[in-house]
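A short worksheet on the structure shown next.
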Amino acid sequence: MTWVINNLDLILELTLEHIRLSIVPIVLGFIIAIPLGWFAYRYRLTRGLILTLVGLLYTIPSLALFVILPPLLGIGFLSEANVLIALTIYAVAIMARSVAEALQSVDPDVRQAATAVGYSSWSRFWTVDLPLAGPVLLAGLRVVAVSTVSLLTVGIVVGVQSLGYLFTNGFQRGIVEEVLAGVVMTVIVALLFDGALVLLGRALMPWTRVRRPTTNRSVESQQGIETPVRAVGRGVQQGALQ
């Protein structure tokens, strides 16, 4: 505890830097994964190939990726860009599959109802498919956030300052408290990102806070009574056909 108390400024500085560096690949990974996941969902014949190739990116060891990227992209080996690009690749590898599964989870009846009332494919994606896929997307994004926070610590091997500095410096100097401080702060940062995403999801998707149906309603649903969403969708479809 003595080392931690004497180095609170260093720990805070590295924590803030870790947060700053984590945000970029999380956001970029999400943005890039949306079209990739949509393409994998939309074209079933190539879905397996796309998701397999994207998933293989996550199997590349981080140290190897740090060595491969600089000559390919013309960036410095010890630059922040090297680490951020590598982490973005890992984020896309995780998130692309989540996007495809999220779009797959949307009720087909709702899609048909939206099309029946005049939504184009483009407008339906943004106003119907994407919002309803939100809970699954959020779950995938939470995994990406925690993974990114963890992997960022490896960036210290190429000179990018983060909480990983506490690991290597503490190990080299034999200071167990420093290593433990790095571990604890990394976990805290991951929990902060996860909690922030949960709160953001509740704010952007208020419909996910609707109470679950009672037991009696669940039994009725199992007995063949339509849920409200299916009933509305079916009514719209029938009206369009008439």
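Quantities reported herein were computed from a predicted structural model and do not represent experimental measurements.
Taking 4.5 Å as the limit, some side-chain heavy atom of Phe77 sits within range of a side-chain heavy atom of Asn82. Asp107 places none of its side-chain heavy atoms less than 4.5 Å from the side chain of Leu132. Side-chain contact between Leu141 and Phe193: absent, with no pair of heavy atoms (C-beta onward) separated by less than 4.5 Å. Ile60 has its side chain out of reach of Ile89: every pair of non-hydrogen atoms, C-beta onward, lies at least 4.5 Å apart. Residues Val198 and Arg142 are in side-chain contact: their nearest non-hydrogen atoms beyond the backbone lie under 4.5 Å apart. Between Met95 and Val143 the shortest side-chain heavy-atom distance does not fall below 4.5 Å.
Contact detail for Thr88 and Gly29: the closest heavy-atom pair is CG2-N, 4.0 Å. The two atoms that bring Glu17 and Gln161 nearest to each other are CG-O, 3.3 Å, heavy atoms only. Taking every heavy atom of both residues into account, Ser105 and Val136 meet most closely at OG-CG2, 3.8 Å. Across all non-hydrogen atoms, the minimal contact from Ile31 to Pro35 is O-CD, 3.1 Å. Between Ala96 and Ala33, the shortest heavy-atom distance links the atoms N-CB, 3.7 Å. In this structure, Thr153 and Ser162 approach most closely via the heavy-atom pair CA-OG, 4.0 Å.
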ask   = Where do Leu130 and Leu137 land on the side chain to side chain contact (heavy atoms under 4.5 Å, CB included) test, with the steps shown first?
value = CA-CA 9 Å; Leu130 197 60; Leu137 287 175; 3.5 Å; yes
request  = Evaluate the criterion side chain to side chain contact (heavy atoms under 4.5 Å, CB included) for residue pair Thr15 and Val189; output intermediate values, then yes/no.
outcome  = CA-CA 8 Å; Thr15 300; Val189 171; 3.7 Å; yes
Chi angles and distances behind the side chain to side chain contact (heavy atoms under 4.5 Å, CB included) call for Ile75, Ile85 = CA-CA 10 Å; Ile75 58 179; Ile85 293 173; 4.0 Å; yes
ask   = Please walk me through it: do Val144 and Tyr90 pass side chain to side chain contact (heavy atoms under 4.5 Å, CB included)?
value = CA-CA 8 Å; Val144 169; Tyr90 288 136; over 6 Å; no
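Distance check: Leu36 CG to Leu51 CG gives 9.0 Å after rounding to the nearest 0.5 Å. Rounding to the nearest 0.5 Å gives a distance of 10.0 Å between OG of Ser98 and CD1 of Ile34. The distance from atom NE2 of His18 to atom CG of Leu152, rounded to the nearest 0.5 Å, is 4.0 Å. One finds the CD1 atom of Ile156 at 10.0 Å from the CG atom of Leu163 (value rounded to the nearest 0.5 Å). Atom CD1 of residue Ile94 and atom OG1 of residue Thr148 lie 6.5 Å apart, to the nearest 0.5 angstrom. To the nearest 0.5 Å, atom CG of residue Leu197 and atom CD1 of residue Ile26 are 7.0 Å apart.
When the side chains of ILVMFWY residues are joined at heavy-atom separations under 4.5 Å, either directly or via intervening members, Val183 and Tyr165 end up in two distinct hydrophobic clusters. Both Val67 and Leu57 belong to a single network of hydrophobic side chains, linked directly or stepwise wherever heavy atoms of I, L, V, M, F, W or Y lie under 4.5 Å apart. Cluster annotation: Val146 and Val184 are assigned to distinct hydrophobic clusters (Ile/Leu/Val/Met/Phe/Trp/Tyr, side-chain heavy-atom contacts under 4.5 Å, transitive). Clustering ILVMFWY residues whenever any of their side-chain heavy atoms sit less than 4.5 angstrom apart, transitively, puts Leu151 in the very cluster that holds Val149. Leu53 and Tyr43 fall into different hydrophobic clusters, where Ile, Leu, Val, Met, Phe, Trp and Tyr side chains are chained together by heavy-atom contacts under 4.5 Å.
Under the side chain to side chain contact (heavy atoms under 4.5 Å, CB included) rule, Leu14 has a single partner from Leu16, Leu12, Leu10, which is Leu10. Checking Trp3, Phe167, Phe171 one by one against Glu178, the side chain to side chain contact (heavy atoms under 4.5 Å, CB included) holds for a single residue, Trp3. In summary, of the residues considered (Val4, Leu8, Thr2), a side chain to side chain contact (heavy atoms under 4.5 Å, CB included) with Asn6 occurs for Thr2 alone.
Remark: the backbone N or O of Tyr119 is not paired with any side-chain donor or acceptor of Ser123 at under 3.5 angstrom. Thr59 contributes a side-chain N or O that, together with a main-chain N or O of Leu56, makes up a donor-acceptor pair within less than 3.5 Å.
By the side chain to side chain donor-acceptor pair (under 3.5 Å) test, Arg202 is found to be paired with no residue, residues two or more places apart in sequence or in another chain being considered. Under the side chain to side chain contact (heavy atoms under 4.5 Å, CB included) criterion, Ile50 pairs with Phe39, Ala40, Thr46, Val54, not counting sequence neighbours.
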